[in-house]
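In this text the structure is predicted, and so the values were computed from the model without any measurement.
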Amino acid sequence: MNHIVKRAGHSEKYDQRKLYASLYYACISVRETEATAEMIADAVCKEVGHWLSHKHEVTANDIRKQAAKHMHDYHPEAAYMYLHHRVIH
């Protein structure tokens with residue numbers, strides 16, 4: 001089980017659905033199609049999940065940086081939106 005340390009200092013269990021949703025909406029915000037947004041969000045979640053499998057506790061910011069790094073390979077503009085905009089939708 002992975003624990004995520006949030007900005008406020010509390011920790012919670014990692015929830016891939018939250019990551020997927022934020023990646024998906026970052027893609028939608030740069031006018032990517034729903035199908036492509038789904039593909040990118042799924043691929044990045046898998047890559048972040050693999051990275052997390054070697055960790056016990058990370059910060060939310062660590063996850064944000066890892067996800068943006070992987071997302072950049074698929075869509076640099078969406079990666080920028082994801083990394084720099086906390087609330088997109």
Side-chain angles (χ1 to χ4, degrees):
M1 175 186 333
N2 299 94
H3 291 320
I4 311 306
V5 178
K6 305 299 276 186
R7 284 186 289 168
H10 70 283
S11 64
E12 62 184 49
K13 184 179 172 192
Y14 172 67
D15 185 351
Q16 182 176 321
R17 294 172 301 177
K18 288 182 178 181
L19 177 61
Y20 181 95
S22 61
L23 294 167
Y24 174 85
Y25 284 110
C27 290
I28 295 298
S29 74
V30 295
R31 299 190 171 124
E32 195 53 73
T33 66
E34 288 183 10
T36 301
E38 289 172 358
M39 184 275 303
I40 291 171
D42 187 55
V44 173
C45 281
K46 287 178 183 173
E47 292 175 25
V48 170
H50 177 71
W51 173 78
L52 277 173
S53 69
H54 304 290
K55 311 284 185 206
H56 176 68
E57 186 174 272
V58 296
T59 67
N61 195 42
D62 293 336
I63 292 176
R64 181 172 289 284
K65 287 178 185 177
Q66 280 295 315
K69 180 178 88 170
H70 292 296
M71 190 177 210
H72 190 270
D73 295 338
Y74 297 97
H75 199 300
E77 187 179 3
Y80 179 86
M81 291 296 289
Y82 171 77
L83 187 60
H84 296 288
H85 294 83
R86 298 272 183 211
V87 179
I88 294 174
H89 60 281

Check against side chain to side chain contact (heavy atoms under 4.5 Å, CB included), Y80 and M71 | CA-CA 9 Å; Y80 179 86; M71 190 177 210; over 6 Å; no
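- Note that the CG atom of L83 and the NE2 atom of H72 stand 10.0 Å from one another [nearest 0.5 Å].
- A26 approaches S29 most closely through the heavy-atom pair O-OG, 2.7 Å.
- Counting only heavy atoms from C-beta outward, the side chains of Y14 and V58 never approach each other to under 4.5 Å.
- The structure places SG of C45 at 15.0 Å from NE2 of H50, a figure rounded to the nearest 0.5 Å.
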For the pair V30 and H75, evaluate side chain to side chain contact (heavy atoms under 4.5 Å, CB included) and give the outcome as yes or no after the intermediate values.
-> CA-CA 10 Å; V30 295; H75 199 300; 3.6 Å; yes
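- Within the structure, salt bridge (Lys or Arg N to Asp or Glu O under 4.0 Å) pairs that include any residue of residues 32-42 comprise D42-K46 (at least two apart or interchain).
- Shown here are the side chain to side chain contact (heavy atoms under 4.5 Å, CB included) partners of K18, two or more places apart in sequence or in another chain: E12, D15.
- A search for side chain to side chain contact (heavy atoms under 4.5 Å, CB included) contacts involving A41 returns Y20, L23, Y24, not counting sequence neighbours.
- The shortest heavy-atom contact between A37 and C27 is CB-CB, 3.5 Å.
- Within the 4.5 Å cutoff, the side chain of L19 has heavy atoms near those of the V48 side chain.
- The distance from atom CD1 of I63 to atom NZ of K55, rounded to the nearest 0.5 Å, is 11.0 Å.
- Residues Y82 and E77 have side chains that never bring a donor and an acceptor to within less than 3.5 angstrom of each other.
- Atom NE2 of residue H70 and atom NZ of residue K65 lie 14.0 Å apart, to the nearest 0.5 angstrom.
- One finds the CE atom of M39 at 8.5 Å from the OG1 atom of T33 (value rounded to the nearest 0.5 Å).
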